[in-house]
Amino acid sequence: MYKKVKEMPLVERPYEKCRMYGAKSLSDRELLAIILRSGTKDCSSIELADEIYHLHPVHHGLVGLPYLSYEALTRIKGIGMVKAVQILCIVELSKRLSMSKAKTRLKLTSPASIADYYMESMRHLQQEQLIVMMLDGKNQLIKDCILTVGTINSSLVSPREIYLEALHYEAVNLILVHNHPSGDSTPSQQDIQVTNRVLEAGRLIGIHLLDHIILGEHQYTSLYEQGLILY
C-alpha cells in the first residue's frame, strides 16, 4: 500500500479520479480520503479512511460514521481536531440533506411520511429522545421540539410539560415521535402507558393526541395504526 497518495499512479489518486470521472467514480473510502486531505508519515489518507470505517465495533463503512464521536475519532493517530470536526460536520450535513428531501414529501396525516422525515436524524441516537409535533386545526405543523432525552417512561414524561408547550404555541393537535436505540420499533408497555396518560390529559383540555410514532432502524411503529390511539 502506498504511504502517500502522491506516490499512487495518477489515475488512482482520488482528486484526479474525481476531476476526470466525477465524484460518482470514487469509492466510499476515496471520498473520505478527500475530506481528510492527508494521512500520516506511516499511512496514506486512504488507509486512514479505512481505519475510520472500521472504528465502530458493529457498524462498518458509511453507516458507522453517524455513531462516531469526536473523542473516538481523535483517538486515531492522524485524526486531530480539524479532521474530526470536518467528519462530524459532513455527517451532520448528510442528515440535514436527508431531512430536507424528506420534508418535501412530509404529510402530517401519514405516519410513514413523518417517520421518513425524522428517521435519519434519530435512528443513530444512543439515547431515547421524545419529540413533540404541535399542529394547528388544519394539521399544519406549528413547531416541533425535543422534550426529553433519556428513557421514555411514565415517570419521566409529564403530560403537563407536553401540554404547557402545546398551549404556549396554541396547538390543537399533537403527534409524539421517539426513537428506540435498540433499532426495534415495537412499543414497550411503558410506551403504551405514556401514550395513554398523554391521550387522557389531552381530552380534558381539548388538545388531541393524533399519534405516537416510534422509530427503529429503518422501521417505525405508529400506535394509531396499531389501533392503540382512538380519538
Side-chain angles (χ1 to χ4, degrees), residues 56 58-59 61-68 91-136 138-154 156-159 161-163 165-166 171-202 207-231:
H56 194 276
V58 177
H59 303 285
L62 289 179
V63 295
L65 295 184
Y67 294 97
L68 302 180
V91 171
E92 180 61 26
L93 182 61
S94 70
K95 290 180 183 179
R96 296 188 188 189
L97 285 170
S98 294
M99 289 191 72
S100 179
K101 183 178 180 181
K103 191 172 185 178
T104 63
R105 305 189 301 268
L106 180 60
K107 297 179 181 178
L108 297 179
T109 55
S110 165
S113 175
I114 294 169
D116 185 45
Y117 177 63
Y118 288 103
M119 182 71 72
E120 191 60 32
S121 64
M122 297 186 73
R123 68 187 179 90
H124 302 294
L125 298 175
Q126 301 302 299
Q127 288 184 298
E128 292 187 27
Q129 284 189 2
L130 177 67
I131 290 179
V132 181
M133 302 177 67
M134 290 165 280
L135 286 59
D136 63 19
K138 295 182 179 180
N139 283 342
Q140 300 297 310
L141 183 64
I142 301 171
K143 183 177 176 60
D144 63 354
C145 65
I146 298 173
L147 195 64
T148 63
V149 177
T151 303
I152 307 301
N153 61 46
S154 56
L156 294 178
V157 177
S158 166
E161 293 179 39
I162 291 173
Y163 286 108
E165 286 288 325
V172 175
N173 298 313
L174 298 179
I175 297 174
L176 302 181
V177 182
H178 93 269
N179 63 302
H180 279 179
S182 66
D184 182 359
S185 65
T186 304
S188 67
Q189 193 59 43
Q190 287 182 332
D191 294 332
I192 296 171
Q193 289 173 355
V194 167
T195 303
N196 288 335
R197 290 180 66 218
V198 175
L199 186 63
E200 290 302 317
I207 300 178
H208 306 290
L209 177 65
L210 302 183
D211 203 350
H212 184 174
I213 298 170
I214 302 169
L215 304 178
E217 181 70 20
H218 295 299
Q219 59 178 272
Y220 79 93
T221 299
S222 159
L223 271 65
Y224 171 72
E225 290 181 333
Q226 295 291 312
L228 298 174
I229 293 179
L230 302 175
Y231 55 86

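Small disclaimer: the values here were computed from a predicted structure and weren't measured.
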- Not counting sequence neighbours, which residues clear salt bridge (charged side-chain N to carboxylate O under 4.0 Å, His left out) with Glu225? List them please.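 Result, salt bridge (charged side-chain N to carboxylate O under 4.0 Å, His left out) vs Glu225: none returned.
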- Query: Among all residues two or more places apart in sequence or in another chain, which pass the salt bridge (charged side-chain N to carboxylate O under 4.0 Å, His left out) test with Glu165?
  - Reply: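 If we apply the salt bridge (charged side-chain N to carboxylate O under 4.0 Å, His left out) test to Glu165, skipping adjacent residues, there are no hits.
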Minimum heavy-atom separation for [X] and [Y], please, with both atom names.
X: Pro187; Y: His180; answer: CA-CE1, 4.4 Å
X: Met122; Y: His178; answer: CE-CA, 4.1 Å
X: Ser185; Y: Gly216; answer: CB-N, 3.8 Å

Rounded to the nearest 0.5 Å, what separates atom [atom1] in [X] from atom [atom2] in [Y]?
X: Ser121; Y: Ile146; atom1: OG; atom2: CD1; value: 8.0 Å
X: Asp211; Y: Leu223; atom1: CG; atom2: CG; value: 7.0 Å
X: Leu199; Y: His212; atom1: CG; atom2: NE2; value: 12.0 Å
X: Thr195; Y: Gln190; atom1: OG1; atom2: CD; value: 11.5 Å
X: Met119; Y: Gln219; atom1: CE; atom2: CD; value: 7.5 Å

Do the non-hydrogen side-chain atoms of [X] and [Y] ever get within less than 4.5 Å of each other?
X: Asn196; Y: Leu228; answer: no
X: Val198; Y: Tyr163; answer: yes
X: Ile213; Y: Tyr118; answer: no
X: Gln127; Y: Pro181; answer: no
X: Thr221; Y: Asp191; answer: no
X: Leu68; Y: Leu65; answer: yes
X: Met134; Y: Asp144; answer: no

Answer yes or no: is there a donor N or O on one side and an acceptor on the other, between the side chain of [X] and the main chain of [Y], under 3.5 Å?
X: Asn179; Y: Leu215; result: no
X: Asp136; Y: Val172; result: no
X: Asp116; Y: Ser113; result: no

- Message: Does either side chain, that of Asp184 or that of Ser182, offer a donor lying less than 3.5 Å from an acceptor on the other one?
- Response: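 Asp184 vs Ser182: no donor-acceptor pair found between side chains.
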- Could you tell me which residues satisfy side-chain contact (heavy atoms from CB on, under 4.5 Å) with Leu135, sequence neighbours excluded, listed by chain and number?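 For Leu135, the residues satisfying side-chain contact (heavy atoms from CB on, under 4.5 Å) (neighbours in sequence not counted) are Leu108, Met133, Asn139, Leu141, Asn173, Ile175, Leu210.
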